[in-house]
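First up is the structure itself, then whatever we jot down about it.
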Amino acid sequence: MEALLKRELCTSVLKSTGHSGGGCISEGQSYDTDTGRVFVKINYKKEARRMFDGEMASLEAIMSTNTVKTPRPVKVVDLERSGALLVMEHVDMKRLNKYSAKLGEQLADLHLYNKRQIEKQNKELQIVGKGSGQSEFASVNKFGFHVATCCGYIPQVNDWQDDWVSFYSQQRLQHQLSLVEQSYGDREARELWAKLQLKIHQLFTEIEVYPALLHGDLWGGNVAECSDGPIIFDPASFYGHSEYELAIAGMFGGFGSSFYSAYHEKIPKTTGFARRHQLYQLFHYLNHWNHFAGGYRDSSLRIMKDLAK
């Protein structure tokens with residue numbers, strides 16, 4: 001692997017620094033090179049290339065907004081037998097602490113970025129002489145993403161859709177429940193989903209949803225801070241409802257009250273937030289059920305029962 005990295009990074013020096021990391025999906029290791037220190041994520045599954053291509057595209061999209069720091073991606077490299085590597089800049093990080101409120105502010109700016117681009121574009125079109133050519137403000141008016149991204153190792157269906165409720169129902173919940181059906185044939189889940197999908201639209205009758213660029217998997221293990229502020233990593237991005245981002249954040253802890261206060265100062269809660277929060281958590285419980293088996297079944301069914309009432 002090290003010979004492959006040397007060749008792909010065009011470096012004469014490749015020295016392990018002893019910094020390592022990783023989770024339940026991939027391993028990680030830092031190396032010194034001719035041009036600086038890099039962090040390499042390693043995954044030996046045959047689907048690793050797709051997973052890392054999606055992560056690299058996610059990092060690039062978030063970086064392009066200049067709102068919240070992420071590691072700069074370098075390249076994806078295929079391993080010779082099976083799997084792939086994702087090379088990115090090495091960042092010295094520690095647990096999120098003093099920059100919790102700043103992360104809330106910056107995450108809200110990330111979520112507002114596309115809406116602000118749409119508003120600038122619309123204003124530009126109203127100016128005499130504008131509107132005939134390409135706008136300088138690139139914006140996205142649909143829900144989805146230009147490549148598949150993986151939440152964990154399961155690829156997300158990111159086909160573009162005009163309607164958020166259809167996108168979320170079909171390409172998030174239905175997709176996960178289809179995987180549950182394939183693996184477990186769970187009759188209760190099937191019956192509850194038949195009831196719930198008839199009621200989902202009722203949770204969105206009083207709000208307008210704008211496509212927001214999301215990190216997509218923002219739990220406490222995917223945030224940290226470095227010397228100059230907060231940093232987020234391991235994204236599974238797509239354009240969706242900003243409220244979706246807060247669902248997994250609330251499931252596994254790691255975010256203090258200052259984070260939420262700063263976030264909602266810029267993006268206040270709207271009518272029905274609590275019920276939609278449950279709906280968005282349902283995706284993550286189903287995704288964990290599909291990753292880690294039946295330990296998340298009860299939580300998934302409990303939410304479905306509550307929302308289907």
Side-chain angles (χ1 to χ4, degrees), residues 19 21 23 28 30 36-39 41 55-74 86 88-120 137-140 145 149 151 209-270 273-274 276-277 280-281 284:
H19 295 85
S30 290
R37 186 167 291 182
V38 296
F39 183 74
K41 289 181 72 172
E55 184 173 342
M56 183 161 177
S58 299
L59 290 168
E60 290 172 340
I62 294 169
M63 281 186 65
S64 73
T65 69
N66 199 32
T67 54
V68 58
K69 183 178 178 68
T70 64
R72 179 181 59 83
V74 177
L86 172 58
M88 66 188 83
E89 70 170 318
H90 171 94
V91 181
D92 288 322
M93 298 184 291
K94 59 183 180 181
R95 186 176 63 84
L96 183 67
N97 183 17
K98 67 177 181 177
Y99 290 118
S100 182
K102 190 171 183 181
L103 177 60
E105 292 175 19
Q106 292 181 348
L107 185 69
D109 286 336
L110 172 66
H111 291 167
L112 290 168
Y113 180 83
N114 188 55
K115 183 181 178 184
R116 289 168 174 164
Q117 294 301 102
I118 293 171
E119 290 168 351
K120 288 175 183 176
F137 303 110
S139 61
V140 174
F145 205 55
T149 53
C151 194
V209 180
Y210 294 90
L213 179 61
L214 307 177
H215 173 283
D217 190 17
L218 200 77
W219 68 288
N222 288 345
V223 303
E225 64 185 38
C226 45
S227 59
D228 58 349
I231 183 168
I232 61 177
F233 46 93
D234 291 355
S237 292
F238 64 97
Y239 284 86
H241 189 192
S242 57
E243 290 179 3
Y244 172 91
E245 194 89 278
L246 302 181
I248 196 168
M251 286 167 60
F252 301 114
F255 298 87
S257 59
S258 61
F259 164 82
Y260 291 105
S261 296
Y263 180 89
H264 289 303
E265 185 72 25
K266 291 195 170 190
I267 304 180
K269 293 180 182 180
T270 53
F273 175 90
R276 289 190 299 274
H277 189 69
Y280 293 146
Q281 286 189 333
H284 292 289

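Values below: all heavy atoms of this structure, side chains included; hydrogens, waters and symmetry mates excluded. All of these numbers come straight from a predicted model, not from anything done at the bench.
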The test is side-chain contact (heavy atoms from CB on, under 4.5 Å); show your working for Asn114 and Tyr239 and say whether it passes. CA-CA 9 Å; Asn114 188 55; Tyr239 284 86; 4.0 Å; yes
Sequence neighbours excluded, the answer for side chain to side chain donor-acceptor pair (under 3.5 Å) partners of Thr65 is Thr67
Could you give all pairs that pass the salt bridge (Lys or Arg N to Asp or Glu O under 4.0 Å) test and reach residues 64-74, with sequence neighbours left out? none
Check whether any side-chain heavy atom of Ser100 sits under 4.5 Å from a side-chain heavy atom of Phe255, and report yes or no. no
Partners meeting ring-ring contact (aromatic ring centres under 6.0 Å, His included) with His215 (sequence neighbours left out): none
Can you sort out the partners of Arg37 under salt bridge (charged side-chain N to carboxylate O under 4.0 Å, His left out), two or more places apart, ordered by chain and number? Asp32
Check Pro71 against Met63 and note the closest heavy-atom contact, atom names and distance. O-SD, 4.1 Å
Distance flag, aromatic centroids of Phe238 and Tyr244, threshold under 6.0 Å: yes
Can you tell me how far apart OG (Ser237) and CD (Glu55) are? Round to the nearest 0.5 Å. 9.5 Å
Audit row: Ser58, Phe145, side-chain contact (heavy atoms from CB on, under 4.5 Å) steps and yes/no: CA-CA 9 Å; Ser58 299; Phe145 205 55; 4.2 Å; yes
Looking at Asn66, I'd like to know if its CG atom is crowded, meaning that more than 12 non-hydrogen atoms belonging to other residues, nucleotides or ligands lie closer than 6.0 Å. no
Listed by chain and number, what are the side chain to side chain contact (heavy atoms under 4.5 Å, CB included) partners of His264, not counting sequence neighbours? Leu246, Tyr260, Lys269, Phe273
Do Glu225 and Met93 come close enough that some side-chain heavy atom pair is under 4.5 Å? no
Taking C-beta and beyond as the side chain, do Leu59 and Pro235 meet within less than 4.5 Å on heavy atoms? yes
Shortest non-hydrogen contact from Ile267 toward Ser242: CG2-OG, 4.3 Å
Spatial distance of atom CD (Gln117) from atom NZ (Lys115) [nearest 0.5 Å]: 13.5 Å
Tell me every residue that passes side chain to side chain contact (heavy atoms under 4.5 Å, CB included) with Glu60, counting only those two or more places apart in sequence or in another chain. Met56, Pro73
Which residue pairs pass the salt bridge (Lys or Arg N to Asp or Glu O under 4.0 Å) test when at least one of the two sits in residues 240-255, sequence neighbours left out? Glu243-Arg276
Verify, without hydrogens or angle tests, whether Gln281 (side chain) and Ala247 (backbone) share a donor-acceptor contact under 3.5 angstrom. yes
Taking it one step at a time, do Phe259 and Leu107 satisfy side-chain contact (heavy atoms from CB on, under 4.5 Å)? CA-CA 9 Å; Phe259 164 82; Leu107 185 69; 3.7 Å; yes
All pairs passing ring-ring contact (aromatic ring centres under 6.0 Å, His included) where residues 91-117 contributes a residue, at least two apart: His111-Tyr263
In Å, rounded to the nearest 0.5 Å, how long is the span from CD of Glu105 to CG of Leu103? 9.5 Å
Donor-acceptor contacts, no H, no angles, side chain residues 226-234, under 3.5 Å, sequence neighbours left out:
from	atom 1	to	atom 2	distance (Å)
Asp234	OD1	Lys41	NZ	2.9

Side chain to side chain donor-acceptor pair (under 3.5 Å) partners for Thr70, two or more places apart: none
Is there side-chain contact between Leu213 and Ile62, with at least one heavy-atom pair below 4.5 Å? yes
With a 4.5 Å heavy-atom cut-off, do Asp217 and Cys151 have their side chains touching? yes
Of all residues at least two apart in sequence or in a different chain, which pass the side chain to side chain donor-acceptor pair (under 3.5 Å) check with Lys266? Asp109
Where do His90 and Ser30 come nearest, in terms of heavy atoms and distance? ND1-OG, 2.7 Å
Taking side chain to side chain donor-acceptor pair (under 3.5 Å) as the definition, give me every residue that meets it alongside His241, ordered by chain and number, with sequence neighbours left out. Tyr280
